[in-house]
Number of protein chains: 2
Amino acid sequence: MTTAGTAPETAARSGSAAARQHSLREHNLELVARAVFEGPEPLSRAGVAASTGLARATVSTLVDQLVAAGLVRELPAVTGGRAGRPAVPLVPARRTVVGLGLEVNVDYLGVRALDLTGEVVAERVLPGSFHDSDPAAVLGRLGELAREVSHEVTAAGMTVAGGRLALPGLVDPRAGLLQVAPNLGWSSLEPVPLLGLDLDVRVANEAKLAALAELAGGSDVAAPDSFVFVSGDVGIGAAIVVDRRLFLGERGWNGEIGHVVVDPAGPRCSCGAFGCLEQYAGKEAMMRAAGLPPDAPLTDLVARLRAGDAELTAGRALGSALADFVNLIDIGTIVLGGAYTDLLPWLRVDVEAALGERVLAAPFVELQVRAAQAGPHAALTGGAREVLAQVLADPSAWV
Amino acid sequence: MTTAGTAPETAARSGSAAARQHSLREHNLELVARAVFEGPEPLSRAGVAASTGLARATVSTLVDQLVAAGLVRELPAVTGGRAGRPAVPLVPARRTVVGLGLEVNVDYLGVRALDLTGEVVAERVLPGSFHDSDPAAVLGRLGELAREVSHEVTAAGMTVAGGRLALPGLVDPRAGLLQVAPNLGWSSLEPVPLLGLDLDVRVANEAKLAALAELAGGSDVAAPDSFVFVSGDVGIGAAIVVDRRLFLGERGWNGEIGHVVVDPAGPRCSCGAFGCLEQYAGKEAMMRAAGLPPDAPLTDLVARLRAGDAELTAGRALGSALADFVNLIDIGTIVLGGAYTDLLPWLRVDVEAALGERVLAAPFVELQVRAAQAGPHAALTGGAREVLAQVLADPSAWV
DNA sequence: CGCATTAGTTGTACGACTGAACTATTACCC
DNA sequence: GGGTAATAGTTCAGTCGTACAACTAATGCG
């Protein structure tokens with residue numbers, strides 16, 4: 001008993017655990033669920049068997065379990081013009097299981113519930129100003145919104161699988177701790193208990209979750225599997241997605257591109273250092289450079305740029321910082337989010353020029369810069385998607 | 001047959017394949033092998049069972065297979081002063097299976113064979129000058145050295161599991177292609193066939209493999225599980241190790257810290273851009289700054305610094321670039337290799353100051369800067385270790 | 001209407017892990 | 001010195017998940 005007690009820690013350290021018979025089933029259940037969810041068009045049982053390499057008999061029992069658990073739905077058998085028994089197409093189940101995305105940001109609170117098809121089944125967004133706010137009060141209010149949403153979906157027969165709370169700051173997801181969120185004026189607190197929810201909620205950085213929302217892809221463009229997501233606002237945050245998974249570094253504090261050196265002789269930054277990217281390509285800096293007040297709405301800047309009454313010089317600095325990023329991590333696709341999405345037409349030339357000049361591997365690979373596809377409040381969508389991804393990763397918990 | 005043909009690709013794309021019965025065994029075989037190899041002190045069968053969570057009966061059969069395959073060795077049973085049947089300690093087998101590390105660098109060729117205990121069982125190092133050399137001739141010569149080593153170890157009854165060829169340049173490990181190695185004057189070639197070896201050899205970047213050598217740890221200090229390894233020489237390369245595994249980005253071209261911006265108003269770099277780190281902290285820049293010829297040996301610089309006849313200003317630039325690195329990927333331990341290992345005493349203060357100033361998370365985490373532990377020609381050791389790690393990851397191939 | 005074709009199901013076989021009982025070997029204590 | 005407790009390792013029946021093959025189901029086509 002004493003020695004056995006150390007087993008879980010050791011297993012966790014090495015990242016893998018003993019595999020039993022039922023681990024096999026869990027693994028294959030995930031494999032089948034993924035095949036159904038990620039396939040470009042609906043697959044039949046036989047199609048799943050072909051694409052996974054599992055035997056048809058095995059797939060049948062696994063699919064039956066997923067259907068019984070309410071994760072997968074059978075469409076009416078479709079006779080596709082060719083001989084043979086018609087296939088039964090399998091699709092993600094609608095309105096049975098939902099993931100909750102929660103967010104506190106400088107200008108709004110929000111909760112969004114997504115089902116397995118990616119559809120928004122309930123939502124509350126509360127605009128406001130949460131500069132230097134009281135964490136307990138704000139998170140309490142957010143908790144109320146979440147309870148409203150939660151009741152709404154459970155009343156409709158759905159199950160809430162869990163939640164993700166997006167916060168604009170340094171967050172340690174493993175410890176459930178917010179270290180500091182400068183724009184909220186929050187520091188060193190455990191946000192989840194203040195929500196007062198009877199639900200498995202984890203915290204995450206806002207830019208990281210917004211990046212995950214990109215994985216859904218746009219209507220026209222497919223989402224890349226690996227990309228760097230850069231969210232430009234007052235602060236500038238980034239997330240690294242490799243093979244559709246977040247790369248978090250040791251503590252989830254990576255992607256602080258806003259404080260990369262652009263010019264050591266540049267202006268002093270709020271972080272104390274000199275010449276950080278934020279001083280060139282942060283929202284306030286861009287506004288000032290265009291002769292607008294720093295807290296003017298983004299649309300004002302876009303209007304000026306459209307009219308030709310201002311120029312956007314932030315692209316050079318952004319491109320320089322992105323070139324550093326690409327040189328250091330080698331991810332060839334850059335997705336620009338936040339304010340940069342709308343500003344991309346005036347940024348693209350300078351950014352691409354800087355990448356071409358400074359990225360060592362530029363001659364050998366096509367670097368892509370594209371606008372974010374996810375709509376407003378992307379972190380809400382990303383958070384809900386992450387919860388659902390976890391359901392998908394371990395469907396056996398729902399069987 | 002037509003549909004089944006797509007299975008492997010699909011499985012490969014999603015990163016996981018169908019799990020059969022024998023996958024279970026493979027997984028657990030790896031688990032047991034890892035427990036034996038990575039444990040701080042030798043474990044018995046019962047100890048492995050406790051640490052992995054597998055049943056004793058299962059562990060026994062798995063261990064027996066590993067012993068039969070020559071990967072694990074049983075030490076004489078030891079009576080440890082306490083009651084009960086004495087345990088049989090299990091340790092990595094000596095001189096049964098070896099991995100080969102190969103390297104072409106500017107000033108030498110080398111081949112090193114390591115066995116599972118990490119001991120060097122054979123080695124050839126050939127100093128020389130391979131600036132602007134002929135790839136076919138040089139790789140042919142290296143192939144001869146490798147054949148000598150290979151014959152030596154097979155004559156002693158060992159099996160060669162494979163090899164890794166380390167090259168100082170942009171390497172695509174997946175495609176087995178060297179894009180460009182500026183200091184060798186090589187570009188766009190497939191190096192492995194030129195070795196003329198009847199062996200599974202893959203290419204890799206020199207700094208990446210040198211980083212893996214660090215995982216063995218020093219005699220005094222344990223190796224960290226996650227770190228950034230920076231190798232300073234004429235060029236400056238880096239590798240990212242997370243949970244004891246290389247993070248390679250999309251193509252293995254990451255870690256190009258030598259071309260991170262230190263000052264856009266700085267001197268022009270060989271890459272075409274301005275103010276790259278290499279122009280401040282590359283070996284030639286450091287030599288010049290100390291009033292030495294750019295190709296002087298490192299010992300000359302160290303002698304001057306010891307005597308107080310020169311100052312090393314590279315630390316500020318290096319610290320600035322490292323701060324960018326840490327802000328972007330959040331790895332708290334930095335291991336300095338190459339020329340930096342010996343220069344660390346004169347770099348440390350400036351590097352740590354820059355990290356403290358520029359790293360956003362600095363107040364919340366202790367950043368560590370340490371010297372590389374692996375000895376000379378670390379890439380040879382790292383390459384051999386990677387081959388052996390692959391043996392460990394799939395022992396079933398040897399059973 | 002029968003045959004070829006494809007989808008899905010059923011049943012047997014096999015392989016891998018588990019738990020419990022068993023053997024082996026030592027320390028400790030009276 | 002012998003009995004007892006303790007620990008290591010082995011044996012064996014039991015259980016579970018997948019594979020393979022044979023089967024049923026449902027459709028198109030000639």
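Here is how names work: the chains are called A, B, and so on, in the same order as the sequence lines, proteins then strands, and each is numbered from 1.
- The separation between B:Leu31 atom CG and C:dC17 atom C1' is 13 Å, rounded to whole Å.
- The pair B:Asp330-A:Arg251 counts as a salt bridge, with a side-chain nitrogen and a carboxylate oxygen less than 4.0 angstrom apart.
- Nucleotide C:dA13 holds its C1' atom 17 Å from the CZ atom of B:Arg20, rounded to whole Å.
- An OP1 or OP2 oxygen of C:dA16 is reached within less than 4.0 angstrom by no side-chain nitrogen or oxygen of B:Asn28.
- A:Arg25 and A:Ser396 share no donor-acceptor pair across their side chains, judged by distance under 3.5 Å alone.
- A straight line from CG of B:Leu24 to P of C:dC14 spans 19 Å, rounded to a whole angstrom.
- If you take CG of A:Leu54 and P of C:dG8, they are 15 Å apart, rounded to a whole angstrom.
- Rounding to whole angstrom units, CG of residue A:Leu29 and P of D:dT18 are separated by 9 Å.
- Between A:Gln390 and A:Arg164, the side chains place a donor N or O and an acceptor N or O closer than 3.5 Å (distance only, hydrogens not considered).
- Remark: B:Glu386 does not engage B:Arg245 in a salt bridge, criterion side-chain N to carboxylate O under 4.0 Å.
- In this structure, the separation between CG on B:Leu54 and CG on B:Leu62 is 7.0 Å, given to the nearest 0.5 Å.
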- [ ] Quick one, give me the B/S/- string for nucleotides 3-16 of chain D, reading 5' to 3', where B means a protein heavy atom under 4.0 Å from the base and S means that only happens at the primed atoms, P, OP1 or OP2.
- [x] ---BBBBBB----B

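- Take the nearest nucleotide of DNA chain D for A:Ala77 and for A:Thr58: the residue whose nucleotide is more 5' is A:Thr58.
- Across all their heavy atoms, A:Ala77 and A:Pro89 have their closest contact at CA-CD, 4.2 Å.
- A close approach under 4.0 Å does not occur between any side-chain nitrogen or oxygen of A:Thr79 and OP1 or OP2 of D:dA26.
- The CG atom of A:Leu43 sits 17 Å away from the P atom of C:dT6 (whole-angstrom rounding).
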